[in-house]
Amino acid sequence: MNPALRPILLDKLLSLGDDQVFLAQRNGEWIGVAPVLEEDIAIGNLAQDQLGHGQLWFELYHQLSGQAELTADWLMFRRPIDELRPCQLLQYPRGDWAITMLRQYLFGLHQFIWTGAAREVSYHPVADIAGLIHRELRFHQEYSELWLGYLANTTTEARTRLEQALTLLWPLSQQLTVAVDGEQELVAAGIVPDLASVSQEWRQLVTRQCAVYGLVVPSISTVVGNRALHGPHLAGMVAEMRRVHDADDAAVVW
Amino acid sequence: MNTTGIDTAILHAERVWEVLKQDSSNKVPQAVGSVHAADAKHALLAARNVFVRRPSAVALWVIPQESLVLVSDAELQQATEVNAGDELRQDYVVFAKTSTKRSMVFMDYLATVASSSPIAALHHVQADCGRHSWWWVVASKHIVRGSDDAATQAAWFLPAQAKTYRQQSGYGALGRQMTGQQVNMADKPPRGER
């Protein structure tokens, strides 16, 4: 790889890893309190898978950074908050089951398309990780799409909650479509897929799926900020995620 | 109504599905437990989440609990076969209790036979396979089998093989601490997918 591209790829890897880990945190907030045991286990499974996916991206970051101290754990637990890059969709609080399943669906579908394309890039470290994640996301999508159908087509309350979730989350999800600075150079070098075409396919699929349920995807009128623009919930979320680590940051065994 | 957006009336309408898991292509499907689910697709997804996140599997079946008939050996010996006529002939799938592991009881797949009634199917299989203490019999049409296309297989079953902690015995750190032994960090399992 051209050394000039490395900092750009490192930025991209932070976005990829952060998205997975912050979604894992929000999904994980259901563990032990979900109303049905099977769904409690299911959402816990998704969260664990997402932690594993985040770890894969962070480990590649660690390797490419050439800095021994920038481990996956360091990136998660010690990175300054203003350097965190999760999409605002994944910062938004846990909410109800409609928010949880719609967020899972929207993010999961974007990742599914992105990793599907990333499997084909010529840069093997990215292609290999994308392949591992992609096959698992197929199962995640089957799960969230089933729930979208239940929420849309069972009770009035469930449908109302789904409609509210779509109004709320669709604008927040638009950060998924914002590239990191210089990302086109990575695309040209065959390191990552083109985010614009991934995102276009994503919008089309979401719009089509929503139309099946008679849901209207809201139009986006405002300019979408890049990932450096954090939402209001991030600081509290990070404090919670780091609470155990910060209680004894020298511990090696919990 | 509750705070989750899931209407409890739907949950109450959920059925119980027995889950059959096939560990590998040279093993028979085996009952591993049950899940609550609204329909067959939901039951298969729940079965995958609950029973095959880590263990090996190549196939999952789900069966609505009410469509299974549970018959003891004593009941089977006393049961009289009624010849219901060939027009009712259909495929029945027969399972029996063949093993117990720790506190768990497993019902193993034995055979699929065309019969005119569940009892006729059991008599038929018993003649071939011998007596067992408990039997299940179900019309084959009630069994819902997971998709066996390659993409589904890869998504549902392959990731388990890459998980770090595949067996409960892999969660050894706490046990080692409790027995007073020092935890050697070199013993930690290799990193990978969780």
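We name chains A, B, ... by the order of the sequence lines, and we start the count at 1 in each one.
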### Message
Return the CZ to OG1 distance between A:R135 and B:T152, rounded to the nearest 0.5 Å.
### Response
14.0 Å

### Message
I need the B:L45 CG to A:H140 NE2 distance, nearest 0.5 Å.
### Response
11.0 Å

### Message
Looking at every non-hydrogen atom in both residues, tell me the closest pair between B:H36 and A:E38 and how far apart they are.
### Response
N-OE2, 2.6 Å

### Message
Do A:E142 and B:W156 have side chains that approach each other closer than 4.5 Å (heavy atoms only, starting at C-beta)?
### Response
yes

### Task
Evaluate the side-chain proximity of B:R48 to A:Y143: yes if any heavy-atom separation is below 4.5 Å, no if none is.
no

#### Entry: Heavy-atom closest contact (B:D39 atom, A:L146 atom, distance)
OD1-CD1, 4.5 Å

### Query
For the residue pair A:F139 and B:N49, what are the closest heavy atoms and their distance?
CE2-OD1, 3.4 Å

#### Entry: Interface moiety of B:A47 toward chain A, non-hydrogen atoms closer than 4.5 Å
neither

### Query
Of all heavy-atom pairs between B:P159 and A:E136, which one has the smallest distance, and what is that distance?
CB-OE2, 2.9 Å

